[in-house]
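Right, one structure below, let's go through it.
Order of listing sets the numbers, starting from 1, for every ligand and every atom in it.
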Amino acid sequence: MSKNSHTLDERYQIISKVTIIGAIVNLVLAVFKIIIGYIGHSHALIVDGIHSFSDLLSDGLVVLAAKKGNQSPDDDHPYGHARIETAFAAVLGGVLIAVGVGIVIDALDRLTSGNIVTPESMTIWVALLSVLSKEALYRYTLIYANQLNSPILKANAWHHRSDAISSIVVLVGIAGSMSGIPYLDAAAAVIVSMMIAKIGWEIAKESIEELVDKGLDPKKVKSISHHISEIPGVSQMHMLRTRQMGAEALLDVHIEVSPQLSVSEGHRISDEVSAQLTRSFPDIAQVLVHIDPENDESHSSCSHLPLRNKILQDLEKNWGKIKYARFIEDVTLHYLDGKVSVQIIMPLSVLAGNTEAESLAEQFNASTETLDYIDGLELLYR
Ligand SMILES: [Zn+2]
Ligand SMILES: [Zn+2]
Ligand SMILES: [Zn+2]
């Protein structure tokens, strides 16, 4: 189940609403910039308008990714579809890099072409409108990106800001041309486009890191591991592994518990670890706990030992001579430190006759002597 306060469907609804509002603004801006740029003789504004049209494409990509990425888990995708959103965010990061490079090329082109047509002043107003509406879109989108912890919405928010900045470049360029310094916009364009490419690089890098299962921030991992070690019943822990999946973090860990605990108590402790972690860290959605009776980080000491049915076969062969063996009620096996120690439960009534507990224990212990994987046998009465 998703730990986020929004269901997957709500996430999709919000992301697509925010993105469609952005797309409408992009469409209006694109039409405005191209028409006014054409009438007002601003090459930069026309290019910016074409850019706004291409933004519609990436808006469409965001809605598509949100739709695909916020489906519930199914047979094909048992972990859910969150990483589809991440993959699209990586692509959008790449688009931003391309946009940055594109603006540089365009700026250099204008620098060398010596285009001296002076734009009309109305183009300045359209560029200003573009800056303001794009900055507003950036802020609006980022609010929801943070609320949903959505990588794709975050990528799109930064795209809006990069558009605002590139419109500033157009604004400066137009103002520069009108006041007789045409190289001003080219110089500004190069700086700004490098900033855009850098943001694109960061988004792409972050997304790709998630796709290759990079662990969470080391500080956070440290605080998670501290939290686990504080939980009663957990004596040690190892192999804490974390990774991000869309808005959620996944985690698996080995915890060491007292080796004599029952399976059900060990299970209870592992449930407690999951419950406490998902409660204390809102983004942690899934915790997989492996229970260890001893540290098996470097190697598992007991993996060569036989299973219960083989051990009982071996033991019963040797118990033929012990007449009380038929009263055995239960056998508990402890696999520790490369050996098996055996606990046998006998009814108290066995001792009611003239059997001596001590000699019985000796007989049973002698029965394990030929079995070198057994390390001690204990008789308990109840
Ligand atoms: Zn754009
Ligand atoms: Zn283990
Ligand atoms: Zn382990």
**OP:** Restricting to N/O/S, name the atom of Asp296 that gets closest to the Zn ion (ligand 3).
**Re:** OD1
Subject >> Name of whichever N/O/S atom of Asp292 is nearest to the Zn ion (ligand 3) >> reply: OD2
Subject >> Mutual orientation of the aromatic rings belonging to His290 and His254 [parallel < 30°, tilted 30-60°, perpendicular > 60°] >> reply: parallel
Original post:
Any sub-3.5 Å donor-acceptor pair from Arg308's side-chain atoms to Val331's backbone N or O?
Top reply: yes
Original post:
In this structure, are over 12 heavy atoms from other groups packed under 6.0 Å from Arg326 atom CZ?
Top reply: no
Original post:
Short check: any N/O/S atom of Glu256 below 2.8 Å from the Zn ion (ligand 3)?
Top reply: no
Could you pull out every donor-acceptor pair under 3.5 Å between side chains of residues 135-143 and any protein atom, sequence neighbours left out?
from	atom 1	to	atom 2	distance (Å)
Glu135	OE1	Arg161	NE	3.3
Glu135	OE1	Arg161	NH2	3.4
Glu135	OE2	Arg139	NE	2.8
Glu135	OE2	Arg139	NH2	3.1
Glu135	OE2	Arg161	NH2	2.6
Thr141	OG1	Leu137	O	2.7

Original post:
Closest N/O/S atom of His254 to the Zn ion (ligand 3), by atom name?
Top reply: ND1
Per-pair distances, 0.1 Å, donor-acceptor, side chain in residues 89-104, under 3.5 Å, sequence neighbours excluded:
none

Original post:
Is the Zn ion (ligand 3) under 2.8 Å from any N, O or S atom of Glu297?
Top reply: no
